[in-house]
Each structure stands twice: as C-alpha cells, then as structure tokens.
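Quick caveat, the model's predicted, so the values are computed rather than measured. Just so we're on the same page: letters track the sequence lines, and every chain starts at 1.
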2 protein chains.
Amino acid sequence: MTEDELRDLPLRERKKARTRQALIDTALELFTERGFDGVTLDELCDAVEISKRTFFRTFTSKEDVAGAPTHDLWIAFLDDIESRDPSGAAILPFLCDALLSVIDRMPAEGWTRRVLLNLRLADKTPSLDAHCRYLCDLITRTALDILSRRFDVPPERDDPRLRLALDMAVAAFHHALEGWAADPAEPTRASLTARIRDTFAAVPGALTLPLTPR
Amino acid sequence: MTEDELRDLPLRERKKARTRQALIDTALELFTERGFDGVTLDELCDAVEISKRTFFRTFTSKEDVAGAPTHDLWIAFLDDIESRDPSGAAILPFLCDALLSVIDRMPAEGWTRRVLLNLRLADKTPSLDAHCRYLCDLITRTALDILSRRFDVPPERDDPRLRLALDMAVAAFHHALEGWAADPAEPTRASLTARIRDTFAAVPGALTLPLTPR
DNA sequence: CACTATAACGCCACTCAGTGGCATAAACCT
DNA sequence: AGGTTTATGCCACTGAGTGGCGTTATAGTG
C-alpha cells in the first residue's frame with residue numbers, strides 16, 4: 001500500500017493502514033536487531049504506541065507481523081492470476097509470468113528490504129518459518145480454486161496435475177527466494193527476477209535427474 | 001517402535017519409549033474427541049500420569065506430539081535413502097520406492113489409525129498444520145544432504161534440480177496422503193500405496209498441463 | 001453545525017504454553 | 001550394597017493470546 005493509494009481511502013482506513021505499516025517496519029527492525037524471541041509483543045506495541053489488544057486486531061500472531069511482506073506478495077499473486085491471460089501457454093510459464101509481474105508491481109520504496117528481512121528472520125526462527133509455510137499453503141489452495149474456476153481442467157480428486165503444478169511453482173519460487181536472500185551481494189529486484197526465471201527453467205530437468213553413486 | 005524391538009533396550013529406554021507412545025496415543029484420542037485447542041497440556045499430562053515438565057523432555061511442543069506419527073515416518077524415510085540402491089533409476093522413482101518401502105515396514109498394530117488421526121487433526125488445526133510443514137521441510141533439507149553426499153550431483157547453489165525433485169516428491173506424497181485421509185471408505189495401507197504410485201505417475205504430465213479458458 | 005450511530009481503541013484480568021532451577025527418585029555400574 | 005548418572009516432579013515465572021467493557025474518534029444525517 002503506497003502513500004498515493006492511501007489518499008483516497010476514508011480517514012479511518014488510512015489510519016489503520018498506517019498503523020499496520022508502522023507495526024511491520026518496527027517489528028522487522030526490532031526482530032532483526034535483537035532476534036524474534038528477544039523482543040516481546042509489549043515492547044513492540046510500546047514502540048508503535050499501540051495497545052496489545054490493537055495489535056491482535058491487525059495481526060493474528062507475533063509471527064504474522066513478521067511474515068506480512070511475503071504474505072502481501074502472495075495476496076497480490078492471487079489477484080493477478082484472477083485475470084491474467086494464459087495466451088495458450090502451459091501452466092508453469094503462466095505461473096512464472098504471474099510471479100514476475102507481481103514482483104514488478106510491488107511498491108518501490110523499501111519493499112526489497114522488508115521482504116529480505118522477513119526471509120532472513122524466517123530462516124532462523126522456526127515458528128516464523130512454520131507460519132509462513134502455512135500461509136503459503138492457504139494461498140496455494142485458493143490459487144487452485146481460482147484456476148480450476150477459470151480454466152477447463154479436471155477436478156483435483158480425479159487429476160492431481162493442477163495441484164502438482166502449483167506446488168512445483170511454489171517450490172521453484174521458494175528456492176529462488178532462498179538463494180536471493182542469502183546472496184552476499186546486495187539483493188535487488190532484478191537479481192530476484194533473474195533467479196526466478198532460472199529456477200523455473202530448471203524444473204523440467206529435475207524430473208529426470210540421474211543418480212550415479214559417487 | 002514395536003514391542004519386539006523394545007525388549008532389547010535397557011529398562012530406562014524402554015520406559016521412555018512407552019511413555020512417549022502413551023502420550024501420542026492419548027493425545028490423538030483426546031484431540032480428536034474434543035479438538036486440539038479443547039485439551040490443555042495439563043489434562044493430557046494428567047491422563048498419562050506425567051508431569052508437564054516431563055512432557056517437554058519428550059516433545060518440543062503441544063503440536064509436536066500430535067505430529068509425531070508423520071514425523072516418525074519421515075525419520076524412517078531418511079534412514080531408508082541413506083542406503084537404498086538407486087539401480088540406475090532417475091530421482092523420482094527412487095524417492096517413490098523409498099516411500100513405499102518405508103510405509104510397508106511401519107508397525108502393523110495401529111499405525112494406520114495414528115497417521116490418520118494425525119492427518120485429520122492437522123487438516124483442521126492451523127498451528128499443527130504449520131508445525132508439520134516445518135518438520136517436513138527440515139526433513140527435506142536433511143534428505144538433500146544425504147543424497148548430495150551419496151550421489152554425484154552438482155551442489156544446490158549451482159543447480160537446483162535435486163532440491164526441486166525432492167520438493168516434487170514431497171508434494172506428490174502430501175497430495176496422496178491428503179486424498180487418502182479424506183477417503184470416506186476405510187483407508188488402508190494398500191490404498192495409500194496405490195495413491196502414492198498414482199500421484200507420482202502424474203508428476204511429468206503436470207508440467208505441460210495446458211490452460212484453456214472455460 | 002450539532003447529534004446519533006458505529007466502529008476502533010485502551011485497559012484489565014485471565015488462561016495456558018513453555019522454561020529454569022533444584023530436590024528427589026529411579027536405573028545403571030562394579 | 002554403594003556411589004554415580006540420568007530421568008522425574010514440583011514450583012515459580014515469563015510471555016502470547018483472548019474476552020469484556022468503558023471510552024474515544026470517525027461517519028453519516030437533519
């Protein structure tokens with residue numbers, strides 16, 4: 001949510017959105033500095049001048065606020081595939097394009113840093129990692145609904161292909177994100193999209209990878 | 001852990017294993033009956049006549065005890081791929097065989113029921129679902145280590161194929177488990193292995209699934 | 001510009017998961 | 001049997017998350 005989009009919302013909504021963003025930013029900074037478990041919710045709420053009760057009206061858990069950046073990305077992804085033109089392509093390029101396009105449209109200001117902190121925190125905080133994976137699975141299910149509504153594919157109980165293709169895309173995306181977040185060179189939006197392209201390209205070859213003993 | 005394997009352990013280990021099993025069985029029954037959140041740890045510990053402190057020496061969290069059946073399955077899987085003969089096959093059939101073989105060697109008595117209850121609980125308990133996914137990811141990483149040690153494949157940072165193949169296998173396995181656990185007909189070990197074979201067979205076709213608008 | 005309706009917020013008390021510390025008891029070893 | 005090691009029980013404590021309710025701020029209306 002950029003400042004521009006914000007202006008044409010009612011005052012009440014505007015304040016809510018600002019509080020939400022302040023919580024995300026402050027949480028990411030504090031967690032990164034002192035560790036996820038090293039910061040209590042009370043401290044976070046103090047820093048944002050918010051009551052703990054209000055925190056739980058905005059986020060469902062402590063993990064939820066730290067996972068918000070990637071979650072927002074997934075939400076935008078769902079919105080994209082709701083209307084994207086398949087133009088005769090197979091499912092995997094379709095999903096890859098959707099991801100690339102969504103990343104391209106994310107807010108310019110500070111987006112990269114937020115996702116990066118989110119990923120690095122998740123990498124060393126089991127409960128956060130678990131939460132992100134759970135959210136991601138919810139998204140996958142919703143995406144499955146959207147795609148099977150829009151396109152002419154057999155239902156999941158008869159044919160697991162759509163489901164499997166989605167899971168592959170998610171796996172490829174995760175692998176790209178992981179390598180990107182661990183990159184010692186400053187990760188940029190461009191380096192992320194490059195990694196995504198590469199990983200998706202590697203998918204078909206993965207099926208036939210031969211196993212020769214060392 | 002069967003009663004047979006149990007006998008040649010020292011008394012101390014035997015007791016620990018029995019307590020652990022009692023905790024799993026009682027937890028699954030209680031959670032199924034009154035819901036995961038409807039049972040407190042104190043109640044569970046009372047039922048097994050164990051102090052809460054001892055519970056946390058056996059399991060890392062409330063979720064952990066309910067996820068133990070599938071976790072045990074994954075541990076056995078790791079053990080299997082440590083020594084399984086690839087016999088020239090590609091990675092996917094190799095992993096499929098490993099899973100089938102592991103399922104075949106699980107304890108006869110009550111194993112199906114435990115896994116079933118675990119899966120059905122995870123299906124309607126977000127925190128449990130999240131925990132299982134996290135554990136599963138830990139396993140995937142370990143499997144990656146084992147395979148890249150045993151076989152002659154490029155390291156992950158240069159080539160994501162091994163990693164992607166593992167993720168696909170996990171996705172296929174999950175899909176099989178999900179359909180199996182939701183089966184209105186009594187799920188058996190045979191019906192599970194059949195589903196696994198079918199889902200793995202569908203993987204190559206998933207890559208090229210065409211998207212034609214309805 | 002009031003005036004009412006409607007959300008959001010703050011505060012307080014409470015439940016329950018999870019942890020640290022230490023005393024006790026059980027199993028192991030010789 | 002006697003001393004050592006290792007598991008257990010108990011108690012007090014922290015911190016996440018929830019329910020209830022009074023208060024404040026925004027929205028909608030004459």
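Rounding to whole angstrom units, CZ of residue A:Arg53 and P of D:dA16 are separated by 15 Å. Atom NZ of B:Lys62 is separated from atom C1' of C:dG18 by 12 Å (rounded to the nearest Å). One atom, CZ of B:Phe55, and another, P of C:dG18, lie 7 Å apart when rounded to the nearest Å. Spacing between atom CZ of A:Arg20 and atom P of C:dC9 amounts to 13 Å, rounded to whole angstrom units. When the P atom of C:dC9 is taken as reference, atom CD1 of A:Ile50 falls 6 Å away, rounded to whole Å. Atom NZ of A:Lys52 is separated from atom C1' of D:dG15 by 7 Å (rounded to the nearest Å). Across the protein-nucleic acid pair, B:Phe36 atom CZ and C:dC16 atom P stand 14 Å apart, rounded to whole Å. A straight line from CZ of A:Arg57 to P of D:dA25 spans 15 Å, rounded to a whole angstrom.
Between A:Trp74 and A:Phe77, the angle of the ring planes goes over 60°, which puts this pair in the perpendicular group of the 30/60° scheme.
For D:dG9, the OP1/OP2 oxygens have a side-chain nitrogen or oxygen of B:Thr54 closer than 4.0 Å.
Ionic pairing of B:Asp145 and B:Arg149 is not present here: no N-O contact between side-chain nitrogen and carboxylate oxygen is shorter than 4.0 angstrom. Salt-bridge check for A:Glu178 with A:Arg195: failed, with every basic side-chain N at 4.0 Å or more from each acidic carboxylate O.
Side-chain contact between A:Asp137 and A:Val170: absent, with no pair of heavy atoms (C-beta onward) separated by less than 4.5 Å.
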Considering only distance and modelled atom types, tabulate donor-acceptor pairs under 3.5 Å from the side chains of residues 30-38 of chain B, sequence neighbours left out.
residue : atom : partner : partner atom : Å
B:Thr32 : OG1  : B:Leu28 : O            : 2.5
B:Arg34 : NH2  : B:Glu43 : OE1          : 3.0
B:Arg34 : NH2  : B:Glu43 : OE2          : 3.1

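Residues from residues 39-47 of chain A placing a heavy atom under 4.0 Å of any atom in DNA chain D, listed by number, are A:Val39, A:Thr40, A:Leu41.
A:Thr193 and A:Arg189 share no side-chain donor-acceptor pair at under 3.5 Å.
Between C:dA17, D:dG9, C:dA26, one nucleotide has an atom nearer to the side chain of B:Phe56 than all others, and that is C:dA17.
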